[in-house]
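Written below as structure tokens is the structure these notes are about.
Just so it is clear, the values below take in all heavy atoms, side chains as well, and ignore hydrogens, waters and symmetry mates.
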Amino acid sequence: MSDVIKLLPDSVANQIAAGEVIQRPASVIKELVENAVDAGATDIKIFIKDAGRTLIQVVDNGKGMSETDARMAFERHATSKIREAEDLFSLHTMGFRGEALPSICAISQVELKTRTDASSIGTRLVINATRVDTQEPCVCDRGVNIMVKNLFFNVPARRKFLKSDSVETSNVMREFERLALVNNNIRMSIDTGQRVLDLRAGTFKQRIGDIWKNNLDLHLVPINVDTSLIKINGFISRPEYARRRNPLQYLIVNGRNMRHPYFHKAIINCYESLIAPDTQPCYFLKFEVDPSSIDINIHPTKSEIKFEYEQEIWPILQASVKAALGKFGAVPSIDFNSDVLPVDPLPQGESPERPTLDIPENYNPFAMDSGNVFDGGKVFGKSSGRKNPVPRNWDTLYAEFMNGTRGYSSSDASSRNADSNQYAFEDNSGLPRFIDETADTGLDSFSEKVFPEAQDIESMLPEMGSDSGVGAFCVQHSLRYIITSSREGLIIIDQHRAHVKILYERYLGKVSQGEQVSQGVMFPEILTLDPEHQAALEAVGDEISRLGFALEYEDDDRWRIVSVPAMLKNADARDVVLRMLESVTEDGVNYGKEGDSATKILERMALVMARSSAIERGRKLSTDEMEHLVGELFSLPAPAYTPNGNPVYVLLDDRRLESMFR
């Protein structure tokens, strides 16, 4: 029997390691910038082409590498950070495992130019998929200039899973923001080919303002706590600046970005009852702890960190956030030192006068006597000088409102009392009421006419056919579900998903037929975009225009929303645009390649618009609204599922119902 276990070649081992360390172009930038930071660079420049597919170039002015170090840096597990296992628990630098550069060169073509301050001639190294093609002297500046070309060129299975350029560029910008936030003392710039972002070296607060602008630094509350276990400093946002979309939340430990749900929850709990349930605060917090009390070697990208004393850090973090919110007036407070009422005190021995009301002596609001007269639709006391009576029904009130009249005269009221179609009757209170047999509706009719926006669904949806077999009788359950019957059985419909499906098909139909109409807004909303959203807008601006939005550039990444789709109702246009841009940058969305990318982007944006405009769960619907909603839903070609695959309704056939009652 022959041996079956073989030692993997270095090239294969490096590609396997690359699968863990290098997931996308943003991962390459993270590793190269962290190496530049460890080299003591004070100025780091990043250039990318085709969202990083074709070229990623990082230039720094650090201490550089010698000829031998330049060659050794690309060997697996070669590092200058550790010498023995104990060094893993005393790290103050970023990279340390020696896997980044070997993994990068295993899936790309790399060209490196580097020179130390002590040398007059640098070294140029060219590596093609772990194979060294060239190593020769060259003239270059001090530091490192590394170019990564044709990422995943030899791993086509990995390359085809990269997202569209807009998505990958947004990921690059998001990673750049994290790196720039941590290293605020370093000048950093990035050129994506479409825009350039250059950040000066400055304080932590200045770096926050330079990245996100929009006067964010004016809404921040500082935190500065120093204990024997942990030192916390940074900023949290005021409750009124909590974001519904895209909250900025960053935790930094010993100069390294991290994700930590446990500490995140500690911060969020401090804002309980201060912000709306669907919003989250922004925070930018730096932790400084003893390196021996944390383990950063639990994730290939070192984005997760294990704390030895996280249970003890929780109350310190909560107390710090709550103290900051209270100290800087970010929570409501009561001033017990001020006077409750600004009035002069009364002289000693005097009491304030009791207020008097001018009420007739025999007035009784519940009795029909001579002291309290109810006459033909008007109520007034003996001394009342009121001339215009209150109309007797809502239809009359609505007609007067539309005609601009104030009411009926006494003679009009008397003549209408003689109308044979109106009758007075007494309810349990003993007061007469008037009804009109000729009137179609009462309160419901008035609300539909005066408040037509409450009846948008009825105006948009067609009547149900009597022979449809669905929606003949509808009942709402828990303000979320519509229960109706059909020939096949009992149908339970999610009212929100049903309306999302209807609006989604309507938006796409209008766009495909070129019938989408834009409506100008009287007061344009100002939209300030983060760098990643700015990159997404540049990539999908045409699709947003086709949907009916018109945005005008103002200055400094600020845009004005001057037109919105006429069909977009009861939705915040600014929030809708931000959600559409976020849908483009989501990691889980793949819009395909070239030909069909625009169509898939439109579909995704139409879904965002539909969700923003659809009726919410928890809204009470009238019988007519439910019948119209059901009728429109089942007139669609595929009503069973929402565009992202969630079920819209559940059918309980007779067999299943009978089985429940056995």
Less than 4.0 angstrom from a charged side-chain N to a carboxylate O is my criterion; do [X] and [Y] meet it?
X      : Y      : value
Asp494 : Arg617 : yes
Glu175 : Lys30  : no
Arg604 : Glu582 : no
Arg619 : Glu625 : yes
Glu552 : Arg560 : yes

Quick check against the 3.5 Å criterion: does [X] have a side-chain atom that pairs as donor or acceptor with the backbone of [Y]?
X      : Y      : value
Ser613 : Ala610 : no
Arg207 : Arg200 : yes
Asn257 : Arg178 : yes
His219 : Arg238 : no
Ser27  : Ile22  : no
Arg611 : Val500 : no
Ser189 : Asp198 : no
Asp50  : Gly52  : no

Side-chain touch [X]/[Y], heavy atoms, less than 4.5 angstrom:
X      : Y      : value
Met609 : Pro565 : yes
Val148 : Leu55  : no
Val511 : Leu547 : yes
Ile29  : Phe176 : no
Val33  : Met188 : yes
Ile267 : Phe263 : no
Leu220 : Ile236 : no
Asn171 : Pro25  : no

Please check if any side-chain donor atom of [X] sits under 3.5 Å from a side-chain acceptor atom of [Y], or the reverse.
X      : Y      : answer
Trp559 : Glu525 : no
Ser612 : Arg579 : yes
Gln495 : Gln476 : yes
Gln206 : Asn184 : no

Atom CZ of Arg187: over 12 foreign heavy atoms under 6.0 Å = no
task = Check the pair Arg506 / Glu632 against salt bridge (charged side-chain N to carboxylate O under 4.0 Å, His left out), numbers first and verdict last.
result = CA-CA 11 Å; Arg506 184 173 300 147; Glu632 181 72 0; 3.3 Å; yes
Kindly compute the distance separating [atom1] ([X]) from [atom2] ([Y]), expressed to the nearest 0.5 Å.
X      : Y      : atom1 : atom2 : result
Met567 : Tyr507 : CE    : OH    : 5.5 Å
Gln519 : Phe549 : CD    : CZ    : 11.5 Å
Lys205 : Ile208 : NZ    : CD1   : 8.5 Å
His496 : Leu629 : NE2   : CG    : 11.5 Å
Ile492 : Arg480 : CD1   : CZ    : 12.5 Å
Ile56  : Ser108 : CD1   : OG    : 8.0 Å

task = Among Val59, Leu179, Ile190, Asp60, find the residue that satisfies the side chain to side chain contact (heavy atoms under 4.5 Å, CB included) test when tested with Ile44.
result = Asp60
inquiry  = Is there a side-chain contact (heavy atoms from CB on, under 4.5 Å) between Leu162 and Arg53? Walk through the geometry before answering.
reply    = CA-CA 9 Å; Leu162 291 177; Arg53 286 183 174 87; 3.6 Å; yes
query = Given Asp191 and Ile46, is the side-chain contact (heavy atoms from CB on, under 4.5 Å) satisfied, shown in steps?
reply = CA-CA 6 Å; Asp191 184 351; Ile46 304 171; over 6 Å; no
How far apart are the closest heavy atoms of [X] and [Y], and which atoms are they?
X      : Y      : answer
Gly520 : Ser563 : CA-OG, 3.7 Å
Ala573 : Val564 : CB-CG1, 3.6 Å
Leu181 : Ile211 : N-CD1, 4.2 Å
Ile482 : Cys474 : CG2-CB, 4.0 Å
Glu168 : Ala51  : CB-CB, 3.8 Å
Leu199 : Ala180 : CD1-CB, 3.6 Å

query = Does the side-chain contact (heavy atoms from CB on, under 4.5 Å) test come out yes or no for Leu151 and Arg158, once each step is laid out?
reply = CA-CA 10 Å; Leu151 192 65; Arg158 293 288 305 278; over 6 Å; no
query = Is the ring centre of Tyr241 less than 6.0 Å from the ring centre of Trp212?
reply = no
ask   = Please, which pairs that meet side-chain hydrogen bond (donor to acceptor under 3.5 Å, both in side chains) have at least one residue in residues 269-285, sequence neighbours excluded?
value = Arg244-Asp278, Gln249-Gln280, His264-Tyr283
inquiry  = Does Met173 form a side-chain contact (heavy atoms from CB on, under 4.5 Å) with Thr192? I'd like the steps, not just the answer.
reply    = CA-CA 9 Å; Met173 295 303 298; Thr192 65; 3.8 Å; yes
Side-chain donor-acceptor pairs of residues 643-651 under 3.5 Å, sequence neighbours excluded:
unit_1 : atom_1 : unit_2 : atom_2 : d
Asn644 : OD1    : Thr642 : OG1    : 2.6

inquiry  = For the residue pair Lys501 and Tyr641, would you count it as a cation-pi contact if the rule is NZ or CZ under 6.0 angstrom from the ring centre and within 45 degrees of the ring axis?
reply    = no
